[in-house]
Asker: 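Sharing a structure here in structure tokens format.
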Amino acid sequence: MGVDISDLVEARKVALADLSGRSIAIDAFNTLYQFLSMIRQPDGTPLMDRDGRVTSHLSGLFYRSAALLELGIKPVYVFDGKPPELKRKTIEERRAAKEEAEREWKKALVEGDLKRALSKASRTAKLDSDMIEESLSLLDALGIPWIRAPSEGEAQMSHMVRKGDVWAGASQDFDAILFGAPNLVRNLTLAGKRRLPSGKTVDVSPEVIELADVLSRLEVSREQLVDMAILMGTDFNDGVRGIGPKKAYALIKRLGSLEDVRAEGKVLVPDEFEEVRRIFLEPEVTDVYSLEWDMVDHEGVRKVMCDKHSFSVDRIDAVLAKVLAKSDASAQRSLDSWS
DNA sequence: CTTCATAA
DNA sequence: TTATGAAGG
């Protein structure tokens, strides 16, 4: 979820190939949830290994990561740590929504309504600690670095972009903008198309959102953008009833800050606004990490994907062959540059 | 989601 | 070559 400021920002469409040579910190939870909700059979059943364990997240993580490497894009996955206390309510609401979706999925199946079944199933995605561990093993085997954030993954990712250790953060959520990431990539997907719940396909291409561009267009500071988000509602507070992006923008433009909005007395500013501000402006992050992209451990990938999780050896090998060809080529280029 | 096979 | 649908685990 996160904050929906899509109406307030402009994104620049890019081709995946334009991102070649860049390092990108990817919001791991956001990405894995995407895979878990989308990679399903027509009745909503996720992919599973021979032991009945869900493998949709591994399928997505493997094919996408391999393709990024092949394109010369250097991914680092950033996992969430302990959520801020203020997120508790959001987490509980999501859990309840998943249970409800689970019931509706089963109901739709009984009624034989496959379209509705798939749509409901996609909202039941759950990421457990085993799935996270499996994902980390796969990334290790692929030679892709990962980081466990002390708290919010998006905060950690944004911190790394701010420091210049990576070029951009990647997530479907806009929160990285509020956390101060200078560059955010959305729709970091391979296929240029996405199937909607309706069954229709729409073109989607990666897009870049620049924090500086957002702020200069709106003529606000990041602090003011965060204040707008608090009025609209974030993962850490309920928004003010009746206030969306337009009204939040108008209010902050006219009055300047939440203190001033409160002083005017017309809008009931959320009580916890100062704490939510601190989450976005002074988040808990770490500088203890190393970004190293290693050689792909072919045998290791096979172990995780094929031995443990029933993926086809042929398919895995075919993808790895392309990645290895690419890394051999770059190794050759760097050797050439010495001569 | 990405890949694969098949059709236009 | 591009579009579409089924399969993948």
Side-chain angles (χ1 to χ4, degrees), chain A residues 15-17 19 24 26-73 75 77 79 98 101 105 114-115 117-128 130-135 137-139 141-142 144 170-173 185-207 296 300-326:
Chain A
L16 218 37
L19 305 178
I24 301 183
I26 300 175
D27 179 353
F29 272 35
N30 182 273
T31 303
L32 293 175
Y33 269 115
Q34 193 112 325
F35 293 144
L36 285 166
S37 55
M38 299 306 295
I39 305 179
R40 282 167 192 274
Q41 292 181 299
D43 68 352
T45 312
L47 299 188
M48 290 182 290
D49 62 20
R50 64 179 81 79
D51 300 321
R53 289 173 303 204
V54 172
T55 55
S56 297
H57 58 303
L58 292 175
S59 178
L61 187 63
F62 172 73
Y63 287 115
R64 184 178 296 174
S65 301
L68 293 179
L69 292 176
E70 197 190 333
L71 282 157
I73 297 167
Y77 286 86
F79 289 75
K98 275 168 210 206
W105 176 20
L114 282 188
K115 267 176 116 172
L118 181 57
S119 154
K120 297 299 179 187
S122 73
R123 293 176 209 181
T124 65
K126 286 210 249 328
L127 185 62
D128 64 32
D130 284 345
M131 290 163 152
I132 294 171
E133 293 308 317
E134 293 154 3
S135 302
S137 311
L138 173 58
L139 291 173
L142 286 169
I144 295 172
S171 175
Q172 290 308 95
D173 289 349
V185 180
R186 300 186 72 235
N187 299 339
L188 185 67
T189 57
L190 309 184
K193 289 188 185 298
R194 176 171 300 159
R195 233 189 285 279
L196 298 173
S198 62
K200 294 218 166 74
T201 59
V202 287
D203 287 323
V204 281
S205 72
E207 54 190 39
V296 174
V301 175
R302 269 199 204 158
K303 259 196 200 117
V304 176
M305 298 299 282
C306 309
D307 299 352
K308 284 199 169 150
H309 296 293
S310 320
F311 281 75
S312 133
V313 177
D314 287 350
R315 282 179 169 230
I316 299 303
D317 280 354
V319 170
L320 289 181
K322 291 197 284 181
V323 177
L324 287 167
K326 158 76 191 179

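So that the names make sense, note that chain A is the first sequence line, chain B the second, and so on, each numbered from 1. Quick caveat, the model's predicted, so the values are computed rather than measured.
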Asker: Under 3.5 Å, is there a donor on one side chain and an acceptor on the other for A:D173 and A:S171?
Answerer: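 No donor-acceptor contact under 3.5 Å links the two side chains.
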Asker: Measure CG/A:D314 against P/B:dA5 and give the value in whole Å, please.
Answerer: 11 Å
Asker: Assess whether a salt bridge exists between A:R53 and A:D49, defined as any Lys/Arg side-chain N lying under 4.0 Å from an Asp/Glu carboxylate O.
Answerer: yes
Asker: Could you tell me how far apart A:L47 (CG) and C:dA6 (P) are, to the nearest whole angstrom?
Answerer: 16 Å
Asker: Where along residues 50-65 of chain A does a heavy atom fall under 4.0 Å from DNA chain B?
Answerer: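 Contacting residues: A:Y63, A:R64.
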Asker: May I ask you to say what A:P42 touches in the nucleic acid, namely base, sugar-phosphate or nothing, with a heavy-atom cut-off under 4.0 Å?
Answerer: nothing
Asker: Could you check how far CE of A:M48 sits from P of C:dG9, rounded to whole Å?
Answerer: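 My rounded result for the distance is 13 Å.
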Asker: Students often get this wrong, so: under 4.0 angstrom with heavy atoms, is A:S312 touching a base, only sugar-phosphate, or nothing?
Answerer: sugar-phosphate
Asker: Starting at atom CZ of A:F311, determine the distance to atom P of B:dC1, rounded to an integer number of angstrom.
Answerer: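 Between P of B:dC1 and CZ of A:F311: 17 Å.
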Asker: Quick check for you: to the nearest 0.5 Å, what is the distance between A:L47 atom CG and A:S59 atom OG?
Answerer: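 It is 5.5 Å, given to the nearest 0.5 Å.
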Asker: Walk me through it: do A:T55 and A:S310 pass the test side chain to side chain contact (heavy atoms under 4.5 Å, CB included)?
Answerer: CA-CA 9 Å; A:T55 55; A:S310 320; over 6 Å; no
Asker: Suppose we screen for salt bridge (charged side-chain N to carboxylate O under 4.0 Å, His left out). Which residues come up paired with A:K308, at least two apart in sequence or across chains?
Answerer: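 For A:K308, no residue satisfies salt bridge (charged side-chain N to carboxylate O under 4.0 Å, His left out) once neighbours in sequence are set aside.
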Asker: Quick one: A:F35 CZ to B:dC1 C1', roughly how many Å, whole number?
Answerer: 6 Å
Asker: In whole angstrom, give the distance that lies between atom CD of A:Q41 and atom C1' of C:dA6.
Answerer: 11 Å
Asker: Could you check how far CD1 of A:I316 sits from C1' of B:dT2, rounded to whole Å?
Answerer: 11 Å
Asker: Sequence neighbours excluded and cut-off under 3.5 Å, please list the side-chain donor-acceptor pairs for residues 63-71 of chain A, or say none.
Answerer:
unit_1 : atom_1 : unit_2 : atom_2 : d
A:R64  : NE     : A:L188 : O      : 3.4
A:R64  : NH1    : A:L188 : O      : 3.4
A:S65  : OG     : A:L61  : O      : 2.6
A:S65  : OG     : A:Y77  : OH     : 2.7

Asker: Would you mind reading off the distance between A:D43 atom CG and C:dG9 atom C1', rounded to a whole angstrom?
Answerer: 14 Å
